[in-house]
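Heads up: the structure comes next, in structure tokens.
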Number of protein chains: 2
Amino acid sequence: MPKQKETAPSQVVAFNARIEGINYDILEELTGYAVRRAQLSIYADFTASLGVYDITPQRFSSLVIVCNNPGISQTRLAEVMGIARSNVVAIIDNFEQAGLLERQGSGDRRSYMLHLTKEGQRQLEKYKQAVKEHDDRVSQHLTMKERQQLRALLGKLCMEPK
Amino acid sequence: MPKQKETAPSQVVAFNARIEGINYDILEELTGYAVRRAQLSIYADFTASLGVYDITPQRFSSLVIVCNNPGISQTRLAEVMGIARSNVVAIIDNFEQAGLLERQGSGDRRSYMLHLTKEGQRQLEKYKQAVKEHDDRVSQHLTMKERQQLRALLGKLCMEPK
DNA sequence: TATTGTTATACTCTATAACTATA
DNA sequence: TATAGTTATAGAGTATAACAATA
């Protein structure tokens, strides 16, 4: 995890889970706080690792979903990503302008079928490699079993009571 | 978890971990994706639960830290929260205007000592109660042991190699 | 009437840079 | 010179509302 600029320190301090001498009170016991803290750290490492490419976690997920579900519509993609339809437009515009993705006409003339171009598929493979390395670094202190366990526990959060 | 408006559906669909018929490919295996997904769900439940109060996860954390570490400076608070100093200003302004928090002069005339007012402490107790309920609901499918385990695993993420 | 993509708009959270008062 | 708080600004990421074209 190379620090890029040793000489020009930013005003922002790396997020530390616990700072000595600070009383965190109830925050120590909240699942939500632990998840949020972890997410911030992971996000920071992601952007630091993939800054060379013009990609973010959200944009990466979009590419993966479109690649593996070719023909998906924008509304469906929004649903999968859990965001508003309106926000998908700019994401897709961007990829289309970069030549990574195409809007293809569908039977229904209101909607498009999205799919990656050859170039998009090629780029995505590079991104995936970098993301894997990032995810491995971030999870390096967990065994494979623990990572699986972590994903399983996270998956049980926010489920409906039923 | 009461749905507030049954009649006026929003354009946004609740975030679901897995949607049937969608191939998530590598996303299934990424720690970062699982954490991000969980965080989105938790954040949504937080704002739905505490919407009545003018509070967010970030603002709540600030109050807890100041309450339990009276006299803390803005820069130190920024450090603890892992955000830029400049972003603390608006947060504190807001609480001060609402009468929940005060900037007190310190020996060093460049900095303030922050502390909650009586009203701030009273309000925070209400927030804490609501946050506990929210966190319990979100974690309801995990046993106490599993919650502890989850927090421990999350705490191991993003640690330096050493 | 309902749905898809779109535009406009706004708010939160994050960041950097540069200023000022002070140390 | 360095630090604390501040202002200005920008860019993600989210949201809602309303519109045109189409079903």
Side-chain angles (χ1 to χ4, degrees), chain A residues 4-5 8-15 36-37 39-48 50-51 54-62 71-79 81-94 96 101 103-114, chain B residues 4-5 8-15 36-37 39-48 50-51 54-62 71-79 81-94 96 101 103-114:
Chain A
Q4 292 179 334
K5 291 180 190 175
S10 109
Q11 292 180 314
V12 175
V13 177
F15 192 88
R36 178 166 161 269
R37 231 182 40 220
Q39 211 272 326
L40 286 171
S41 302
I42 295 172
Y43 190 89
D45 190 273
F46 188 104
T47 53
L50 285 101
D54 185 24
I55 201 83
T56 62
Q58 191 198 39
R59 290 162 55 78
F60 176 72
S61 300
S62 307
I72 194 172
S73 73
Q74 293 185 192
T75 295
R76 180 86 167 136
L77 178 58
E79 227 173 271
M81 309 242 314
I83 63 176
R85 275 182 303 146
S86 55
N87 293 318
V88 170
V89 179
I91 296 172
I92 300 301
D93 281 352
N94 227 304
E96 199 172 37
L101 188 152
R103 286 174 165 102
Q104 204 171 57
S106 70
D108 186 335
R109 274 161 57 195
R110 289 172 304 182
S111 73
Y112 299 116
M113 300 199 304
L114 305 176
Chain B
Q4 292 180 332
K5 292 182 189 173
S10 111
Q11 292 179 315
V12 175
V13 176
F15 192 89
R36 176 164 163 270
R37 230 181 42 221
Q39 211 272 327
L40 286 171
S41 302
I42 294 172
Y43 190 90
D45 190 273
F46 188 105
T47 53
L50 285 100
D54 185 24
I55 200 82
T56 63
Q58 189 198 39
R59 290 161 55 77
F60 175 72
S61 299
S62 308
I72 194 173
S73 73
Q74 292 185 192
T75 295
R76 181 85 167 137
L77 179 59
E79 228 173 273
M81 309 242 313
I83 62 176
R85 275 183 303 147
S86 56
N87 292 318
V88 171
V89 179
I91 296 172
I92 301 301
D93 281 352
N94 227 305
E96 199 172 36
L101 187 151
R103 286 174 164 103
Q104 204 172 57
S106 71
D108 186 334
R109 273 161 58 197
R110 288 172 303 182
S111 73
Y112 298 117
M113 301 200 301
L114 305 175

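Here is the naming used below: chain letters follow the sequence lines, and residue numbers restart at 1 for every chain. Since this is a predicted model, take the numbers as computed values, not measurements.
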Nearest-nucleotide comparison on DNA chain D, the residue closer to the 5′ end among A:Q58 and B:Q74: B:Q74
Nearest listed nucleotide, side chain of B:Y43, among C:dT12, D:dA4, D:dA15: C:dT12
Closest nucleotide among D:dA4, D:dT7, D:dT14 to the A:I83 side chain: D:dT14
Touch class at under 4.0 angstrom, heavy-atom based, for B:R103 against every strand present: sugar-phosphate
Taking [atom1] from [X] and [atom2] from [N], how many angstroms apart are they, rounded to a whole number?
{"X": "A:Q39", "N": "D:dA12", "atom1": "CD", "atom2": "P", "result": "17 Å"}
{"X": "A:R59", "N": "D:dT14", "atom1": "CZ", "atom2": "P", "result": "13 Å"}
{"X": "A:R85", "N": "C:dT3", "atom1": "CZ", "atom2": "P", "result": "10 Å"}
{"X": "A:I91", "N": "C:dT6", "atom1": "CD1", "atom2": "C1'", "result": "14 Å"}
{"X": "B:F60", "N": "C:dC13", "atom1": "CZ", "atom2": "P", "result": "14 Å"}
{"X": "B:L77", "N": "D:dG5", "atom1": "CG", "atom2": "P", "result": "10 Å"}
{"X": "B:R76", "N": "D:dG5", "atom1": "CZ", "atom2": "P", "result": "12 Å"}
{"X": "A:N87", "N": "D:dG11", "atom1": "CG", "atom2": "P", "result": "17 Å"}

Test log, rule side chain to side chain contact (heavy atoms under 4.5 Å, CB included), inputs B:S111 and B:R76: CA-CA 10 Å; B:S111 73; B:R76 181 85 167 137; over 6 Å; no
Under-4.0 Å side-chain N/O to phosphate OP1/OP2 contact, B:T56 with C:dC13: yes
Phosphate OP1/OP2 of D:dT7: any B:S86 side-chain N/O under 4.0 Å: no
Ring pair (Phe, Tyr, Trp, His ring centres under 6.0 Å) partners for A:F46, two or more places apart: A:H134
B:L114 side, atom CG; B:I92 side, atom CD1 - distance, nearest 0.5 Å: 5.0 Å
Distance (rounded to the nearest 0.5 Å) between A:I42 CD1 and A:T47 OG1: 12.0 Å
Reference residue A:S62; test side chain to side chain contact (heavy atoms under 4.5 Å, CB included); the match among A:T56, A:I83, A:I91, A:L101: A:I91
Test item: B:Q74 side-chain N/O and B:V88 main-chain N/O as donor-acceptor pair under 3.5 Å: no
Which protein N or O atoms sit under 3.5 Å from an N or O of nucleotides 20-23 of chain C?
from: C:dT22; atom 1: OP1; to: B:R109; atom 2: NH2; distance (Å): 3.3
from: C:dA23; atom 1: OP1; to: B:R109; atom 2: N; distance (Å): 3.0

Steps toward side chain to side chain contact (heavy atoms under 4.5 Å, CB included) verdict (A:N94, A:R59): CA-CA 10 Å; A:N94 227 304; A:R59 290 162 55 78; 3.7 Å; yes
